[in-house]
Amino acid sequence: MSELLTKTALQLADMMAAGEITSVELTRASLDRIKAHNPTIIAFLHVDEEGALATAREVDEKRAAGEKLGRLAGIPIAIKDNLVIRGMPTTCGSKMLEGWLPPYDATVITKIKNAGMPIVGKTNMDEFAMGSSTEFSAYGSTKNPWDTERIPGGSGGGSAAAVSAFMVPLALGSDTGGSIRQPGSVTGTVGVKPTYGAVSRYGLIAMASSLDQVGPVARTVADAAALQEVISGHDELDSTSLDVEVPAFEDIVAQVGADRVKGLKIGIVEQLSADGFEPGVKAEFEATVKRLEDAGAEVVNVSLPSFEYALSAYYLIMPAEVSSNMARFDGMRFGLRADPETGPVTAERVMAESRGQGFGAEVKRRIILGTHVLSSGNYDAYYGAAQKVRTLVQRDLDEAFSKVDVLVTPTAPTTAFKFGEKIDDPMAMYLNDLATIPANLAGTPGLSVPCGLSEGMPVGFQILAPAYRDDLMYEVAAAVEASAGEIAGSCPAKEWENN
């Protein structure tokens with residue numbers, strides 16, 4: 001492996017600014033590693049070698065001419081396959097969109113391009129972002145670089161695996177119930193869900209519109225902070241976009257050490273620190289809390305009673321929105337069209353055949369569940385009740401943040417589990433989102449940072465902050481990172497690197 005790829009994005013940016021390396025050298029090293037190991041890891045569904053190198057050459061020419069460039073100019077990046085890029089295949093991990101070429105760029109893609117970051121390709125994901133293991137992709141399961149017999153998390157397992165396997169320094173993902181943070185936890189990467197509306201969703205193919213949020217995937221907190229600076233900002237094309245000033249996240253992280261938490265009140269959520277978590281995960285979480293306490297933080301227990309019902313509420317609200325958003329994939333306007341083999345070719349039969357062939361089992365399961373809870377006889381009993389729980393979650397968090405600065409939990413109940421262990425048990429699979437879902441229901445920011453290992457596999461530590469306080473979240477995350485030492489960068493060489 002090229003030594004360049006073991007460095008952080010910001011280290012590489014400094015090297016390019018100093019003229020020690022070029023973007024073409026770095027991008028070529030990234031593409032070579034993808035070519036060598038993607039057949040095993042299956043992190044990428046599409047690689048754009050020509051486009052990435054063209055961007056890299058353009059950046060090098062501008063730098064040589066003395067033009068002022070963005071902080072991350074020339075740094076290769078991977079994009080989750082539910083963010084549209086003009087002229088680049090976007091499938092959402094589904095046969096329904098196989099071969100589809102979007103006619104426009106998502107707003108975050110425009111920002112990435114304006115920043116001069118070569119886009120090396122699109123990463124694998126659970127179909128239409130529905131899953132916690134990337135086993136529901138129509139194009140094969142992404143492998144966890146720490147152990148290829150284990151899942152990389154989901155739905156954004158491809159982005160997390162690409163960063164963890166040193167294929168790229170940075171990636172973008174989307175987080176609806178934990179789809180950036182849970183993969184981060186099980187692959188030893190940093191995964192961030194910004195405040196809802198802080199990053200534009202225009203051009204993100206929606207799964208559940210009131211829950212979805214685009215965010216960074218990186219190997220360090222500082223890299224994630226720098227990437228969030230690039231992609232944040234108000235967007236008139238997104239009605240939910242926040243018109244607020246973007247903090248200098250990178251500068252905030254740069255000024256932070258392990259002692260930055262001195263005097264901060266850190267709340268441990270009682271409902272997310274007891275049963276249901278593996279002993280090793282719980283032990284690493286408690287050890288991290290102890291380090292923060294030793295650094296001067298005041299640690300208190302916080303009870304959020306509504307969290308006991310958050311998972312159930314999410315798995316009613318989310319499928320309802322899925323049912324609505326998936327209705328556009330009908331075989332009539334774009335994507336897969338499958339005509340019935342016999343009988344008349346009517347619009348209704350084409351839609352039924354196309355959706356039957358184009359959607360996988362998990363997408364169908366959620367569409368059916370969502371349609372059921374939205375039906376006239378069930379709306380109030382299920383969807384309406386779930387929205388009331390959502391309000392209670394928001395109120396509980398508001399009350400908690402009036403008493404503490406941040407809340408902390410284990411990111412996921414377990415380390416990466418083996419392929420097939422939970423795929424036939426939807427309820428067991430859904431429990432992976434136990435700790436991450438509340439942030440999506442409330443729209444608050446959440447971040448997972450590696451904090452240790454359990455039986456040789458990474459464990460994630462989640463930080464939840466009040467809405468609009470992503471800066472505070474990054475401060476605490478940087479302190480955790482400083483106290484824990486390097487986890488993601490220590491991913492040991494595996495047999496796949498010798499293939």
Side-chain angles (χ1 to χ4, degrees), residues 173-182 184-185 190-201 208-216 221 224-225 228 231-232 238 240-247 249 252 264-273 300 302-311 313-314 317-318 321 386-412 433-449 460-478 480:
S174 66
D175 191 308
T176 307
S179 291
I180 296 175
R181 290 164 290 158
Q182 185 254 2
S185 178
V190 176
V192 185
K193 186 204 86 69
T195 295
Y196 183 79
V199 178
S200 173
R201 292 185 301 108
S209 305
S210 74
L211 303 164
D212 297 338
Q213 186 58 70
V214 179
V221 173
Q228 185 165 336
I231 62 175
S232 295
D238 178 2
T240 63
S241 179
L242 298 173
D243 191 3
V244 295
E245 183 178 352
V246 179
F249 293 119
I252 291 167
L264 285 183
K265 283 190 175 182
I266 295 178
I268 298 177
V269 181
E270 292 180 1
Q271 288 76 11
L272 296 177
S273 58
V300 297
V302 176
S303 178
L304 291 91
S306 63
F307 275 31
E308 294 184 12
Y309 310 104
L311 186 72
Y314 173 84
I317 295 170
M318 175 271 293
E321 296 190 21
Q387 290 288 13
K388 292 177 181 177
V389 171
R390 184 178 194 169
T391 299
L392 292 177
V393 170
Q394 293 167 340
R395 289 177 179 174
D396 276 358
L397 281 170
D398 287 343
E399 183 177 352
F401 287 132
S402 70
K403 300 174 183 177
V404 299
D405 295 296
V406 296
L407 297 168
V408 296
T409 76
T411 307
D433 303 329
L434 181 67
T436 52
I437 278 171
N440 298 87
L441 290 174
T444 55
L447 182 153
S448 177
V449 58
F461 186 88
Q462 180 178 227
I463 300 143
L464 303 175
Y468 311 103
R469 289 308 313 273
D470 302 50
D471 57 334
L472 178 59
M473 174 183 71
Y474 275 111
E475 289 186 31
V476 177
V480 170

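At a threshold of 4.5 Å between non-hydrogen side-chain atoms, the residues T409 and L434 do not count as touching. With contacts defined as side-chain heavy-atom distances shorter than 4.5 Å, the pair P305/D396 qualifies. The closest side-chain heavy-atom distance from V480 to V408 is not below 4.5 Å. At least one side-chain heavy atom of L242 sits less than 4.5 Å from a side-chain heavy atom of Y468. Here the side chains of L441 and L211 are in contact, with some heavy-atom distance below 4.5 Å. Annotation: side chain of D212 is not in contact with side chain of S174 (no heavy-atom distance under 4.5 Å). Put simply, the side chain of P194 reaches to within 4.5 Å of the side chain of Q213, judged on heavy atoms. At least one side-chain heavy atom of L407 sits less than 4.5 Å from a side-chain heavy atom of F401.
Once rounded to the nearest 0.5 Å, the distance linking CD of E475 with CD1 of I252 reads 6.0 Å. Note that CG of D470 and OG1 of T444 are 9.5 Å apart. Values are rounded to the nearest 0.5 Å. To the nearest 0.5 Å, atom CZ of residue F249 and atom CE of residue M473 are 7.0 Å apart. To the nearest 0.5 Å, the span separating CE on M318 from OG on S210 amounts to 11.0 Å.
The closest side-chain donor-acceptor pair between S303 and Q271 falls under 3.5 angstrom. Side-chain contact, S209 with E321: no donor N or O sits under 3.5 Å from an acceptor N or O.
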Is there a side-chain contact (heavy atoms from CB on, under 4.5 Å) between N440 and R181? Walk through the geometry before answering. CA-CA 11 Å; N440 298 87; R181 290 164 290 158; 2.7 Å; yes
Worked check of side-chain contact (heavy atoms from CB on, under 4.5 Å) between V302 and K403: CA-CA 9 Å; V302 176; K403 300 174 183 177; over 6 Å; no
Given the rule in the side-chain contact (heavy atoms from CB on, under 4.5 Å) test, do R390 and V393 qualify, once you have shown the distances and angles that lead to the verdict? CA-CA 5 Å; R390 184 178 194 169; V393 170; 5.6 Å; no
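Listed for the Q228 side chain is no donor-acceptor partner under 3.5 Å among the backbone atoms of G215. For D433 (side chain) and G178 (main-chain N/O), no donor-acceptor pair under 3.5 Å exists by modelled atom type. Looking at D405, its side chain never comes within 3.5 Å of a backbone N or O of I266 through a donor-acceptor pair. With hydrogens and angles disregarded, no donor-acceptor distance shorter than 3.5 Å links the side chain of K193 to the backbone of T176.
A pairwise comparison of heavy atoms in T436 and G177 identifies OG1-O, 2.5 Å as the closest pair. Annotation for V221 and A477: closest pair CG2-O, 3.8 Å, computed over non-hydrogen atoms. Looking at every heavy atom in both residues, P438 comes nearest to A310 through CG-CB, 4.3 Å. Smallest separation of non-hydrogen atoms from S448 and T411: OG-OG1, 2.9 Å. Taking every heavy atom of both residues into account, S185 and G460 meet most closely at OG-N, 3.0 Å. Closest approach of A224 and Y474 over heavy atoms only: O-OH, 3.4 Å.
For the side chain to side chain contact (heavy atoms under 4.5 Å, CB included) with V406, the lone residue among L264, L447, I463 that qualifies is I463.
Taking a cutoff of 4.0 Å between a charged side-chain nitrogen and a carboxylate oxygen, R395 and E399 do not qualify as a salt bridge.
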